[in-house]
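Worksheet: one structure, shown below.
Position 1 is the first residue of the sequence, and the numbers go up from there. Atoms within each ligand, like the ligands themselves, are counted from 1 in listed order.
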Amino acid sequence: MKTPPKTYHVKSFGCQMNVYDGERMGELMAAEGLSATDDAAAADLVVLNTCHIREKATEKVYSDIGRLRKNAAAEGRSPMIAVAGCVAQAEGAEIVRRAGVDVVVGPQAYHNLPALVAKAAVGEAALDTDMPAESKFGALPARRRVAPSAFLTVQEGCDKFCTYCVVPYTRGAEVSRPFAAIVDEAKALVDAGAREITLLGQNVNGWRDGEGRGLELLIAALDRIEGLRRIRYTTSHPNDMTDGLIAAHADIETLMPFLHLPVQAGSDRVLKAMNRSHTRDSYLRLIERIRTARPDIALSGDFIVGFPGESDAEFDETLRLVDAVGYAQAFSFKYSPRPGTPAADMAGQVPPDVMDDRLQRLQAALNRDQAAFNAASVGRQCAVLIERRGKLAGQMLGKSPWLQSVHLMTDAAIGDIVEVALVQAGPNSLAGVERLRQAA
Ligand code: 5AD
Ligand code: SF4
């Protein structure tokens with residue numbers, strides 16, 4: 001038996017969709033009358049919203065639970081612990097056995113969190129990893145006050161089955177939320193303070209409405225919402241970059257010139273073994289078409305080094321692809337075998353020291369290109385959406401259209417859009433000087 005919690009703390013790991021889900025779980029608990037606390041060790045209920053994408057991310061959950069218990073015990077407390085997210089989905093009751101947590105709830109079932117917490121409070125088993133046909137979204141409370149840059153999940157799940165990836169198993173099959181529900185939520189976000197919305201989906205450009213129309217239709221509708229100044233979307237699969245969506249980058253001014261388009265590897269043999277269903281050439285041709293539509297677009301990507309069987313020569317093809325594209329930023333990872341995925345059983349698992357070496361070389365190339373992209377921005381003038389205060393008095397931080405962090409001295413408020421001259425570049429951010437301001 002535990003006393004019903006009065007305060008809660010949600011900690012999200014992993015992707016932006018988890019950040020979105022974490023916010024929505026917070027809204028659910030607030031609607032139940034609980035209040036939020038920033039200090040996990042002081043909360044009556046701690047929700048760990050977990051990521052299963054790589055082994056490291058998964059192991060982190062167990063060490064976090066241990067640390068949390070220890071810190072709380074030092075203060076004579078024993079908080080209720082709920083494990084949500086993709087580890088909850090993948091490991092289910094195993095988490096209860098291994099870590100004795102109170103609640104386990106999967107990413108498609110978290111609208112039931114209040115009921116599960118009530119069950120746990122009376123000592124009942126509280127586990128829900130169902131993937132119900134009826135979507136959770138209808139059962140979630142209204143959006144509260146949000147930051148100027150907000151996330152909005154429009155699509156979930158994945159049918160692509162890349163051979164390394166757990167997402168089809170943890171998030172389920174591809175499902176698009178209905179057009180009207182998304183437009184309503186976007187309007188609510190703008191009313192709650194959002195000026196920029198990033199549309200989220202594991203395969204966001206696979207979004208389709210009931211009649212099979214694609215993401216550009218949704219973006220065009222959001223473009224008409226008064227007060228919404230910027231639209232972004234992530235993550236996209238190369239095979240779902242349609243002509244219509246590419247054209248939207250040329251035609252829709254609020255659609256920001258930034259695209260996260262993971263390629264994962266540069267060798268056709270590796271891409272095939274990954275079941276990526278695109279080739280190095282088809283990807284490069286696609287990039288060309290996107291750049292023709294929107295010449296200043298900033299490109300981002302994801303890479304995996306050391307996929308089973310990857311040879312030195314094949315890895316070199318990844319480096320050459322990076323040279324050919326010139327990414328503005330990118331994420332790169334060592335391959336991590338995930339239980340239940342086809343690649344985990346493939347021959348030719350790459351030794352850790354080889355992976356380390358490849359990751360270092362790849363990251364050196366990506367950092368070089370990011371620094372070059374930032375350096376090339378110096379001298380440009382652009383709009384910056386102010387998101388938070390900087391370290392120095394009078395300094396504010398925001399984002400350029402190309403998703404670069406920009407710091408500047410200004411008395412503009414959070415949520416304002418400031419016209420800025422970019423005057424200096426560092427590896428991870430730019431310095432700007434204010435020109436003009438539009439109030440939020
Ligand atoms: N090992 C390493 N990286 C992975 N990713 C997905 N699965 C794995 C894995 N098993 C990376 C991919 C993906 C990003 C979200 O995480 O690059 O695009
Ligand atoms: Fe991690 Fe993928 Fe789940 Fe996001 S969807 S939390 S990246 S496993």
Side-chain angles (χ1 to χ4, degrees), residues 12-21 49-60 85-87 89-91 107 151 153 155-172 174 198 200-206 233-241 259-267 270-271 273-278 280 283 299-310 314-315 318-319 321-322 325 327 329-346 348-352 354-360 362-363 365-366:
S12 289
F13 304 87
C15 64
Q16 289 151 322
M17 193 175 290
N18 259 19
V19 175
Y20 173 88
D21 290 341
N49 190 24
T50 60
C51 175
H52 195 56
I53 199 93
R54 284 167 290 275
E55 193 180 358
K56 244 191 177 154
T58 303
E59 282 309 309
K60 197 166 174 350
C86 293
V87 177
Q89 190 65 40
E91 305 211 339
F151 293 134
T153 293
Q155 179 279 334
E156 277 189 279
C158 185
D159 297 340
K160 298 269 190 289
F161 289 92
C162 298
T163 52
Y164 49 80
C165 188
V166 289
V167 168
Y169 314 101
T170 57
R171 290 276 173 171
E174 269 178 42
T198 302
L200 297 180
Q202 270 87 31
N203 192 13
V204 72
N205 58 343
Y233 61 96
T234 197
T235 287
S236 297
H237 191 285
N239 282 16
D240 288 321
M241 272 324 284
L259 181 62
H260 182 65
L261 195 63
V263 66
Q264 311 295 355
S267 133
V270 173
L271 288 170
M274 287 177 162
N275 193 32
R276 284 293 293 173
S277 63
H278 60 79
R280 171 196 185 86
Y283 181 83
L299 292 165
S300 158
D302 287 341
F303 295 88
I304 296 176
V305 302
F307 185 81
E310 185 186 65
E314 286 165 346
F315 170 67
T318 299
L319 291 178
L321 180 134
V322 166
V325 173
Y327 289 94
Q329 60 167 69
F331 302 95
S332 48
F333 312 99
K334 289 186 268 188
Y335 169 71
S336 168
R338 308 308 291 127
T341 60
D345 301 321
M346 284 181 188
Q349 301 285 327
V350 173
V354 176
M355 287 223 226
D356 284 339
D357 177 63
R358 288 182 189 167
L359 188 67
Q360 250 182 37
L362 176 59
Q363 290 186 339
L366 292 169

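Taking any N or O of Ser336, backbone or side chain, at least one lies under 3.5 Å from an N or O belonging to ligand 1. Among the atoms of Arg54, some N or O lies under 3.5 angstrom from an N or O of ligand 1.
Taking every non-hydrogen atom of Tyr335 and a distance limit under 4.0 Å, the qualifying atoms of ligand 1 come out as 1 (N), 2 (C). Listed by number with element, the atoms of ligand 1 under 4.0 angstrom from any heavy atom of Gln264 are 12 (C), 13 (C), 17 (O), 18 (O).
One N or O on the side chain of Tyr283 and one on the backbone of Leu261 form a donor-acceptor pair closer than 3.5 Å. A donor-acceptor pair under 3.5 Å links the side-chain atoms of Asn205 to the main chain of His237, judged by distance alone. Put simply, the side chain of Gln202 never gets that close to the backbone of Glu156: no donor and acceptor are under 3.5 Å apart.
The side-chain contact (heavy atoms from CB on, under 4.5 Å) check on Asn275 picks up Phe161, Thr163, with sequence neighbours excluded.
The shortest distance between side-chain heavy atoms of Val263 and Arg280 does not fall below 4.5 Å.
Under 4.0 angstrom from ligand 1, the non-hydrogen atoms of Tyr164 come from both its backbone and its side chain.
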